[in-house]
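Note sheet for the following structure.
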Amino acid sequence: MAAAATTAALAPLATGTAAGAAASGPAFEHGVASGDPLPDGVLLWTRVTPEPGARPGSGRGAGLDVGWEVAEDAAFTRVAARGTVRATAAADHTVKADVRGLRPDTAYHYRFTAAGTHSPAGRTRTAPAPGSSPANLRLGAVSCSNWEAGYFAAYRHLAARSDLHAVLHLGDYLYEYPTGGYGTRGRTVRPHEPAHEITTLADYRVRHGQYKTDPDLAALHAAHPVIAMWDDHEFADNAWSGGAGNHTPGAEGTWAARMAAAKQAYFEWMPVRPSTAGTTYRRLRFGTLADLHLLDLRSFRDQQVQAGDAGVDDPGRTLTGRAQLDWLKAGLSSSQARWRLVGTSVMISPLAFGSVPAYLLRPLADLLGLPAGGLAVNTDQWDGYTGDRRELLGHLRAHGIDNTVFLTGDIHMAWANDVPVEAATYPLSPTAATEFVVTSVTSDNIDDALRVPEGTTTPVASAALRAANRHARWVDTDAHGYGVLDVTAERTQMDYYRLTDRTDPQAASRHARSYRTRSGSQRLERSWQPVR
C-alpha cells in the first residue's frame, strides 16, 4: 500500500472554518472526516453551520443541500465521484456520504460545499481489493482522550505521518463528565462544554462539537480515515446494557433515554457505519492480509459485579451478548486472511495485582473504578466475564485459529501481552492469541494520580504487575501517547510512542518500545526498532 498523506499536504487541513465563508452564510467549523474504508468506497462526514448561532445541539438553522466530491488530485480537477446530501437540524446539521464506485487501495481527496463555501479538504484511502495481497497494513492506534486533561498532541503526530492507511480509535473518544469531574484533580487544562455532565441529546451534541474543534483532532480526521469504536465514556462511565456506574436514575433521567441520546449523537458526529441498529460491531477486510473485527462491549453486557464476587465466573453472564459472540466466532472461523485483528475496548488478558505496593494500589483502583482494598480483578474487563473469554479462547484453540491479535485501549497504560489459555500455568501452558494495549492520549495514569513526574511509578508498578501476570511481556503505567501497528504476512508489530507532556499542545513524541508476534507463534517478542 502506498502512503496516505504527506506532511506538506496536511498543513492546510487542520483549519476549522473554510476560508472565504461569508459572515452570514454557511461555514464548516468542525472539519471533515472519513472512515470505515471499503475496497470500492469510504464514508465521508462533515457538519455545516448553516448560519451564525446555529451551534451544535441548538436546533437552530434551516436545512440546506451540501455537495460532496471525491477527486484523484488535490486541485479537484480529476473528480471521481460527486453527489449531494441534505443537512437538517434533525441530524444536528451533520451529513454523511457513503461513497462507492472508487478504486481499491487508492488515496483520494475530498471536500464538501454549501452555498458556494468549500469545506477544508481531506484525504482518505480505500481498502485493498478482495483477494489482493498488500505488502503491509499500517494503522495508528489511540484511546482515551479527555479534553480537560490535556491537549491532543498524539493526534497531531499521527496526522503528520505519511505512512498510515487508517487510524483505529479504540474508545473513549470523548468524556461525559462535568468540568473538573473526571481525573483532573483540580488541574483542568481546558474546560468542557457544556460545563455540566452530559445526559441529553443536546448535551452530547455540544460535547461532540467541542471535541471536533480541536485542531489536532481535525488534522487527524483530515489526514486519514478513522475507524472508530466506542467504550463507556461515549455514554457514561462503566456503562452496561441497563445502566452505568456514572448514571443516577431519576436525577439524570432513564438510562434507556440517555443511551439512545448518546448513540444518536455518536452516529451523527462520527464517520462510522452502524452495522446493526444501535451498535458498532462490524468487520472490515484488507485483502488477504487482515480482517478487522470491531466489538461493541457496552450495549449487551450484564452489569459488572464487585471484585472478588464469584459472579465473574458465572457462564450465564455475558460481556458481548450471545449474538455478537456468535458473530465474532463465525467471522474468525471463516476468515481467509493471514491475520485476524480484533478491536476490543477492554483488555482480554487476565489482570491480577499481586504484590503491588499499597501506595500504587490505591491510584490503580481509582483509575480502574475498583474498590480500594482487596481487589483481585478488574471486573469491567473480560476478567469480569470469564465465561465469554473461555468460550472465545476455546473456540480459537479448538478450530486451530492462529494469528489472532487483540487491539485494546481503556486502562490508560500500555501493555504487550500473550493471551494465555491458563494464566496460572503460563508459560508452560499454550497461548491462544496476543494483545497490544495502547495507553491514553490524555486521560490520567498512575503518575498523574500521584502527582509525581512521569516515569516515577513504572519501575516499581511494572515489575509488580509483570510478576503477578507472567503473560505480560511489558507494562508502562505512566505514559501518554499512541501506537502504530504494522501488519505484514510474516509478523504483526506494535510500536509504542510516548508524549513529553500532555498539557503542552506542542508536546514532542518519542519511540518507547516495540513488540511483535511472528506468524504462527501466538507469542510476543521484543523488536528493537520501530517500523520505517
Side-chain angles (χ1 to χ4, degrees), residues 140-158 167-177 181-185 187-190 192 211 214 216-217 220 226 228-234 237-238 343-347 351 360 363-370 378 380-381 407-416 435-458 461-462 465 474-485 494-505 507-510 512-513:
V142 289
S143 75
C144 303
S145 46
N146 182 6
W147 174 279
E148 293 205 325
Y151 294 96
F152 297 160
Y155 295 155
R156 172 169 52 85
H157 288 287
L158 287 171
V167 171
L168 178 61
H169 203 295
L170 292 159
D172 294 340
Y173 181 95
L174 53 72
Y175 281 72
E176 85 282 10
Y177 280 92
Y182 180 83
T184 56
R185 294 170 175 81
R187 298 172 296 160
T188 298
V189 176
R190 46 183 183 169
H192 264 143
Y211 275 61
D214 182 89
D216 294 327
L217 179 55
L220 180 77
V226 171
M229 53 187 287
W230 59 46
D231 192 27
D232 53 343
H233 289 289
E234 287 87 349
D237 196 5
N238 281 351
T344 169
S345 58
V346 294
M347 196 160 84
L351 171 56
L360 296 180
L364 268 174
D366 182 42
L367 293 177
L368 299 174
L370 297 172
N378 180 356
D380 191 57
Q381 299 182 164
L407 307 172
T408 309
D410 179 61
I411 59 173
H412 313 172
M413 295 179 274
W415 294 65
E435 180 177 34
F436 297 117
V437 183
V438 296
T439 189
S440 64
V441 171
T442 59
S443 299
D444 269 14
N445 54 39
I446 302 180
D447 279 352
D448 301 319
L450 294 174
R451 299 193 181 191
V452 296
E454 180 183 309
T456 302
T457 62
T458 281
S462 178
L465 287 168
W474 178 65
V475 185
D476 188 338
T477 63
D478 52 29
H480 299 287
Y482 57 93
V484 174
L485 182 80
M494 179 69 85
D495 299 331
Y496 297 86
Y497 288 86
R498 301 175 67 134
L499 299 174
T500 54
D501 183 356
R502 65 173 174 164
T503 66
D504 178 5
S509 168
R510 65 176 177 83
R513 280 280 183 114

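Numbering of residues begins at 1 and proceeds along the displayed sequence.
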- Would you sort out whether Arg502 and Asp448 count as a side chain to side chain contact (heavy atoms under 4.5 Å, CB included), showing the intermediate values? CA-CA 10 Å; Arg502 65 173 174 164; Asp448 301 319; 3.2 Å; yes
- What do the steps show when you test Ser145 against Thr442 for side chain to side chain donor-acceptor pair (under 3.5 Å), and what is the final call? CA-CA 5 Å; Ser145 46; Thr442 59; 5.9 Å; no
- Message: For a side chain to side chain contact (heavy atoms under 4.5 Å, CB included) check, start with the C-alpha distance between Tyr182 and Asp237, then their side-chain angles and the critical distance, and finish with the verdict.
- Response: CA-CA 10 Å; Tyr182 180 83; Asp237 196 5; 4.2 Å; yes
- Dump the intermediate steps for side chain to side chain contact (heavy atoms under 4.5 Å, CB included) on Glu454 and Asn445, then the final yes or no. CA-CA 10 Å; Glu454 180 183 309; Asn445 54 39; over 6 Å; no
- Task: Mind running side chain to side chain contact (heavy atoms under 4.5 Å, CB included) on Val437 and Ile411 for me, showing each step along the way?
- Result: CA-CA 8 Å; Val437 183; Ile411 59 173; 4.2 Å; yes
- Message: I'd like to know whether Tyr211 forms a ring pair (Phe, Tyr, Trp, His ring centres under 6.0 Å) with His192, so could you lay out the CA-CA distance, the side-chain angles of the two residues, the decisive distance to 0.1 Å, and finally the verdict.
- Response: CA-CA 9 Å; Tyr211 275 61; His192 264 143; 5.8 Å; yes
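Met494 and Val438 get closest at one heavy-atom pair: CE-CG1, 4.0 Å. When all heavy atoms of Ala154 and Gly481 are compared, the pair lying nearest together is CB-O, 4.0 Å. Nearest heavy-atom pair, Arg190 versus Trp147, reported as atom, atom and distance to 0.1 Å: NE-O, 3.0 Å. Taking every heavy atom of both residues into account, Pro505 and Ala153 meet most closely at O-CB, 4.1 Å.
Separating the CE atom in Met229 from the OG1 atom in Thr344 is a distance of 6.0 Å, to the nearest 0.5 Å. The line from CZ of Phe152 to CG of Leu220 is 11.0 Å long, rounded to the nearest 0.5 Å. Distance check: Leu407 CG to Glu435 CD gives 8.5 Å after rounding to the nearest 0.5 Å. Interatomic distance, His480 NE2 to His412 NE2, rounded to the nearest 0.5 Å: 9.0 Å. Between the CZ atom of Phe436 and the CG atom of Asp495 there is a distance of 9.0 Å, given to the nearest 0.5 Å. Annotation: the span from Asn378 atom CG to Asp380 atom CG amounts to 6.0 Å, rounded to 0.5 Å.
Glu148 places none of its side-chain heavy atoms less than 4.5 Å from the side chain of Tyr175. Within the 4.5 Å cutoff, the side chain of His233 has no heavy atoms near those of the Asn146 side chain. For the pair Tyr496/Thr439, no side-chain contact is recorded, criterion being any heavy-atom separation below 4.5 Å from C-beta on. Between Leu465 and Thr477 there is a side-chain heavy-atom pair separated by less than 4.5 Å. Leu158 places a side-chain heavy atom less than 4.5 Å from the side chain of Val484. Val441 has its side chain out of reach of Cys144: every pair of non-hydrogen atoms, C-beta onward, lies at least 4.5 Å apart. Leu170 places none of its side-chain heavy atoms less than 4.5 Å from the side chain of Asp410. Here the side chains of Leu499 and His157 are in contact, with some heavy-atom distance below 4.5 Å.
A donor-acceptor contact under 3.5 angstrom links the side chains of Thr457 and Asp447, judged on distance only.
A cation-pi geometry, defined here as NZ or CZ lying under 6.0 Å from the six-membered ring centre and within 45° of its normal, does not hold between Arg156 and Tyr497.
Remark: side-chain polar atoms of Glu234 are paired, donor with acceptor, to backbone N or O of Tyr173 under 3.5 angstrom. With Thr408 contributing its side chain and Met347 its backbone, the two residues share no donor-acceptor pair below 3.5 Å.
We find that Asp444 and Arg451 are not joined by a salt bridge, their nearest charged nitrogen and carboxylate oxygen being 4.0 Å or further apart.
Every residue meeting the salt bridge (Lys or Arg N to Asp or Glu O under 4.0 Å) condition with Asp476, not counting sequence neighbours, appears here in chain and number order: Arg498.
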